[in-house]
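The block underneath contains the structure these notes are about, expressed in structure tokens.
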Amino acid sequence: MLVVMQHKATQDEIDVVCEAIAKMGYTPLPMPGEQRTAIGLIGNDGRVDDSQIVGLAGVAQVIHVSKPYKQVSREWRSGNTLVTIAPGVTVGGNEIVVIAGPCSVENEEQIVTAARAVRAAGATALRGGAFKPRSSPYSFQGLGRKGLELLAVARRETGLPIVTEAMDEAGAEQVAEIADCIQIGARNMQNYSLLKSVGRLNKPVLLKRGMAATITELLLCAEYLLAEGNNQVILCERGVRSFDPAARNMFDLNAIPIVHRLSHLPVIGDPSHGTGSRDQVTPMARAAVAAGADGLLVEVHPAPDRALSDGAQSLHPEQFIRLMQEVRAISQAIGRSVSPSPGTAALQIG
Ligand code: PEP
Ligand code: MN
């Protein structure tokens, strides 16, 4: 339940509503807004009897949040949430944020070369996995801590903030020490203990949709993060399993406008995992931006044929340059723009 206060409601009136909610056995969560304060009610399981609340002074409206998730829903917060992953790099506003880089961090030369290439093409942030969730235990598992240190080197060289995956609680603490944004991968979307511990780390989180997860399940998993007090959450559509083996996954473009309707959290598209094949990445990147994605996650490798993971879907740097050009054109056509690489804004304006 959400209690929307009148524009002119006083602090005393807000306090009385909070006390009434507490007396009913629930936890009030006041959310001051520019126009008015809304007070959320936490701790209920099912519809709450609002008769104690509706008549109180200063109450404009009581909204029953019918969705199983609350804090991620638009009913809870109507304006878009902005997620700032580094100074000047904000997801969820008018600017489209492009996070690019290899699937895995392989060695210093590879990650620094990749970082320079994506930055030169205009990427806003660098991705690269140090802890890799691989389908086979015999596949490359990532460099772990060493990979995080190499990401820090690449950040120092290029100024690009880092997005990288955490697979477990111990790894999440290590990732939080170095990275700017913690990725929770598709396979771990419903790892509730990981979600709870990452929610407490006070770092922006990129939460990827599970490969067979509904949009409701994705939003419920995001709710775990918000319930821990972290609303700096970016959702990511990365394709779902389908009946058709023609593509690795089916990139669910519908998810983008649906998530925007249901939630105030930003949503980005990952056409690399969404398709699994290099030739489909740029078309689906264009489509995701056209569909309203707040950003893209794109795998780019200096030499995809030698990549230790996901080479088949990784773009060559020249292909990424072209992708950026096309994405810029589409952004403009829909009244948006691509967020520049950090440190280049002044350069572009001047
Ligand atoms: C990745 O981003 O490299 C990755 C493993 O993605 P997903 O969790 O979507 O499969
Ligand atoms: Mn990958």
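Remember, predicted model here, so these are calculated numbers, not experimental data. Start at 1 and go down the list; that is how both ligands and their atoms are numbered. Worth knowing before you read on, the calculation uses all heavy atoms, side chains too, and leaves out hydrogens, waters and symmetry mates.
- A heavy-atom separation below 4.0 Å is found between R127 and ligand 1.
- Residue C103 places a heavy atom less than 4.0 Å from ligand 1.
- At a threshold of 4.5 Å between non-hydrogen side-chain atoms, the residues Q313 and H273 count as touching.
- Distances below 4.0 Å separate heavy atoms of A186 from the following atoms of ligand 1: 7 (P), 8 (O), 9 (O).
- Of all protein heavy atoms, the one closest to atom 6 (O) of ligand 1 is K208 NZ, 2.9 Å.
- No side-chain N or O of T124 forms a donor-acceptor pair with one of S341 less than 3.5 Å apart.
- Using a 4.5 Å cut-off on side-chain heavy atoms (C-beta onward), I182 and T164 make no contact.
- Taking 4.0 Å as the cut-off, M211 does not count as a neighbour of ligand 1 on heavy-atom distance.
- Ligand 1 places these atoms under 4.0 Å from at least one heavy atom of G185: 8 (O).
- If you number the atoms of ligand 1 from 1 as listed, the ones under 4.0 Å from a heavy atom of R238 come out as 7 (P), 9 (O), 10 (O).
- Rounding to 10°, one obtains 170° for the angle at the Mn ion (ligand 2) between NE2 (H273) and SG (C103).
- For E299, the N, O or S atom closest to the Mn ion (ligand 2) goes by the atom name OE2.
- Below 3.5 Å of separation, one finds an N or O of E299 facing an N or O of ligand 1.
- A 4.5 Å side-chain heavy-atom check between V89 and T84 finds every atom pair outside the cut-off.
- Checked by distance only, ligand 1 and D310 stay at 3.5 Å or farther apart across all their nitrogen or oxygen atoms.
- Closest approach between the Mn ion (ligand 2) and any N/O/S atom of D310 involves OD2.
- Here the protein heavy atom with the shortest distance to atom 4 (C) of ligand 1 is H273 NE2, 3.3 Å.
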